[in-house]
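Let me begin by presenting the structure, written as structure tokens, before commenting on it.
Residue numbering restarts at 1 for every chain, and letters A, B, ... go by the order of the sequence lines.
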Number of protein chains: 2
Amino acid sequence: MSRGVLVVVSGFSGAGKGTIMKSLMAKYDNYALSVSATTRNPRPGEEDGREYFFRTREEFEEMIRQDQLIEYAQYVENYYGTPKAYVEEQLSQGRDVILEIEIQGARKIKKKFPEAVLVFVTAPSMEVLRERLVGRGTETAEVIHQRLARAAQEAEGVDEYDYVLVNDQLDEAVDRLHGIIQSEHFSMKRNLDFIHEIQAQAAKFTEN
Amino acid sequence: MSRGVLVVVSGFSGAGKGTIMKSLMAKYDNYALSVSATTRNPRPGEEDGREYFFRTREEFEEMIRQDQLIEYAQYVENYYGTPKAYVEEQLSQGRDVILEIEIQGARKIKKKFPEAVLVFVTAPSMEVLRERLVGRGTETAEVIHQRLARAAQEAEGVDEYDYVLVNDQLDEAVDRLHGIIQSEHFSMKRNLDFIHEIQAQAAKFTEN
């Protein structure tokens with residue numbers, strides 16, 4: 001059995017990343033979604049081990065010391081990180097593991113796992129993104145302004161990603177993401193052991 | 001409309017490359033198969049413009065002088081080459097163009113078109129390849145020996161390709177090839193214009 005593909009999915013707030021992930025998980029069963037650890041407090045309805053692993057500051061810093069995180073970062077006063085054990089276990093079982101993290105985390109992953117596939121989710125245009133955020137009617141003008149400012153910041157690093165996924169039609173976006181990940185299984189860099197075996201076999205044809 | 005993807009498909013003789021291409025063309029209609037030009041004589045049943053553009057040595061050398069070929073090579077005493085006009089026309093119309101050429105040609109294409117996608121078709125093992133060649137019952141032992149020796153030679157350069165396609169189940173191989181090519185449409189390098197536009201739009205959010 002071949003090793004799973006490690007996939008990092010990032011995207012502008014409001015681009016519909018969360019909905020795409022939920023649909024992908026519901027539609028295909030070869031994916032494992034990594035659950036992050038955090039020191040922030042659970043919000044109403046959030047469950048430990050589902051949305052996040054909720055940890056105390058002391059517990060989180062112990063995970064850092066024990067090298068149990070693939071990457072971690074601090075936002076405002078809270079830690080966020082990706083526990084290593086689950087990811088490694090799922091990959092070695094041949095499942096494709098998806099990390100839903102932001103750009104700084106994505107960079108750290110790519111550095112540590114050069115074979116990771118980085119996908120950036122965007123709306124068809126920034127105007128559409130703004131309209132979606134306003135249209136939700138759940139955020140204040142102040143929050144929308146903050147999110148757009150953050151999107152502007154994130155946009156600067158987008159070209160470091162391997163693929164860009166425009167979320168125009170949800171179903172189409174989900175199938176495209178699935179197609180991207182599955183095609184990665186056939187990339188040369190993931191099949192070098194097989195190719196070296198083929199080369200060794202082929203070399204025998206010229207021996208006699 | 002976005003530009004088509006230029007795809008180079010190579011593979012060991014006997015790996016079933018031709019059958020895969022035929023099925024791909026029959027199943028999906030967004031592909032254009034490039035027809036090579038050659039100075040070799042047509043075999044029974046071959047038609048000018050279908051299997052090859054059959055040209056005289058003088059005509060072929062005139063095409064070389066006029067820079068009308070993307071790549072060309074000489075085998076034994078014949079020229080083989082890829083006419084430029086058709087490929088450019090199809091790509092600009094958004095169709096994915098497939099060149100079925102061998103490794104030296106593939107290398108030249110990659111150098112001229114770094115965004116080209118190189119796919120190598122192989123049997124699951126060289127023993128299976130040998131069995132397929134023998135099983136056909138149409139080739140002499142001498143020819144089979146020559147083909148395997150050539151496969152051994154070609155195997156050395158396989159790791160220069162972007163993807164490896166194992167032809168075990170035909171339908172599966174065809175769908176995988178389709179998936180690979182379609183996913184390439186979403187690669188960052190093919191969407192830099194779009195990303196730069198998104199970045200320019202996003203920058204405006206921080207201006208006011």
Side-chain angles (χ1 to χ4, degrees), chain A residues 12 117-120 122-130 144-145 147-166 173 175-192 194-208, chain B residues 12 117-120 122-130 144-145 147-166 173 175-192 194-208:
Chain A
F12 298 129
V117 178
L118 272 51
V119 180
F120 196 88
T122 174
S125 74
M126 294 312 267
E127 188 47 35
V128 169
L129 188 77
R130 200 186 63 79
I144 291 171
H145 183 78
R147 292 202 167 184
L148 291 177
R150 193 172 164 190
Q153 218 177 12
E154 288 172 338
E156 288 171 27
V158 170
D159 42 18
E160 296 170 42
Y161 284 72
D162 299 306
Y163 293 94
V164 55
L165 189 65
V166 177
D175 289 341
R176 284 175 176 185
L177 180 57
H178 178 65
I180 288 167
I181 301 170
Q182 293 321 302
S183 292
E184 278 289 332
H185 280 275
F186 313 115
S187 68
M188 188 56 67
K189 62 178 180 289
R190 284 179 217 285
N191 290 277
L192 288 175
F194 170 72
I195 290 302
H196 295 152
E197 175 61 27
I198 287 280
Q199 287 171 332
Q201 292 169 8
K204 287 184 191 148
F205 290 141
T206 48
E207 275 170 16
N208 36 43
Chain B
F12 298 130
V117 178
L118 272 52
V119 180
F120 195 88
T122 174
S125 74
M126 294 311 267
E127 188 47 35
V128 170
L129 187 77
R130 200 186 62 79
I144 290 172
H145 183 78
R147 292 202 167 182
L148 291 178
R150 192 172 165 190
Q153 217 177 13
E154 288 172 336
E156 287 170 27
V158 170
D159 43 18
E160 295 170 42
Y161 284 71
D162 300 306
Y163 293 94
V164 55
L165 190 65
V166 177
D175 288 341
R176 283 177 178 185
L177 180 56
H178 178 65
I180 287 167
I181 300 170
Q182 294 320 301
S183 292
E184 277 290 330
H185 280 274
F186 313 116
S187 68
M188 188 56 66
K189 62 178 181 289
R190 285 179 216 285
N191 289 278
L192 288 175
F194 170 71
I195 289 301
H196 294 152
E197 176 59 29
I198 286 279
Q199 287 170 330
Q201 292 169 7
K204 286 184 192 147
F205 290 142
T206 47
E207 275 168 18
N208 38 41

So for [X], is it side chain, backbone, both, or neither that comes closer than 4.5 Å to the heavy atoms of chain B?
X        : result
A/Arg190 : neither
A/Val119 : neither
A/Glu156 : backbone
A/Ile195 : side chain
A/Leu148 : both
A/Asp162 : backbone

Self-check item: B/Gln153 atom CD, over 12 foreign heavy atoms within 6.0 Å
Solution: no

Quiz item: So, for B/Met188 and A/Val164, which heavy atoms are closest and what is the spacing to 0.1 Å?
Solution: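 The pair with the smallest heavy-atom distance is CE-CB, 4.0 Å.
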
Exercise. Over all heavy atoms of both residues, which pair between A/Ser183 and B/Ser183 is shortest? Give the atoms and the distance, please.
Key: OG-OG, 3.5 Å

Nearest-0.5 Å distance that lies between atom [atom1] in [X] and atom [atom2] in [Y]:
X        : Y        : atom1 : atom2 : result
B/Leu177 : A/Phe186 : CG    : CZ    : 10.5 Å
B/Gln201 : A/Leu129 : CD    : CG    : 10.0 Å
B/Phe205 : A/Met126 : CZ    : CE    : 5.0 Å

Self-check item: Pick from B/Thr122, B/Asn191, B/Asp159, B/Leu118 with the largest number of heavy-atom pairs that fall under 4.5 Å of chain A
Solution: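 Going by pairs under 4.5 Å, I would pick B/Asp159.
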
Exercise. Considering only heavy atoms and a distance below 4.5 Å, find which of A/Ser187, A/Ala203, A/Ala151 pairs most often with chain B.
Key: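 Maximum pair count with chain B is reached by A/Ser187.
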
Quiz prompt | Flag side-chain contact, heavy atom, 4.5 Å: A/Ile198 against B/Val158 | solution = no

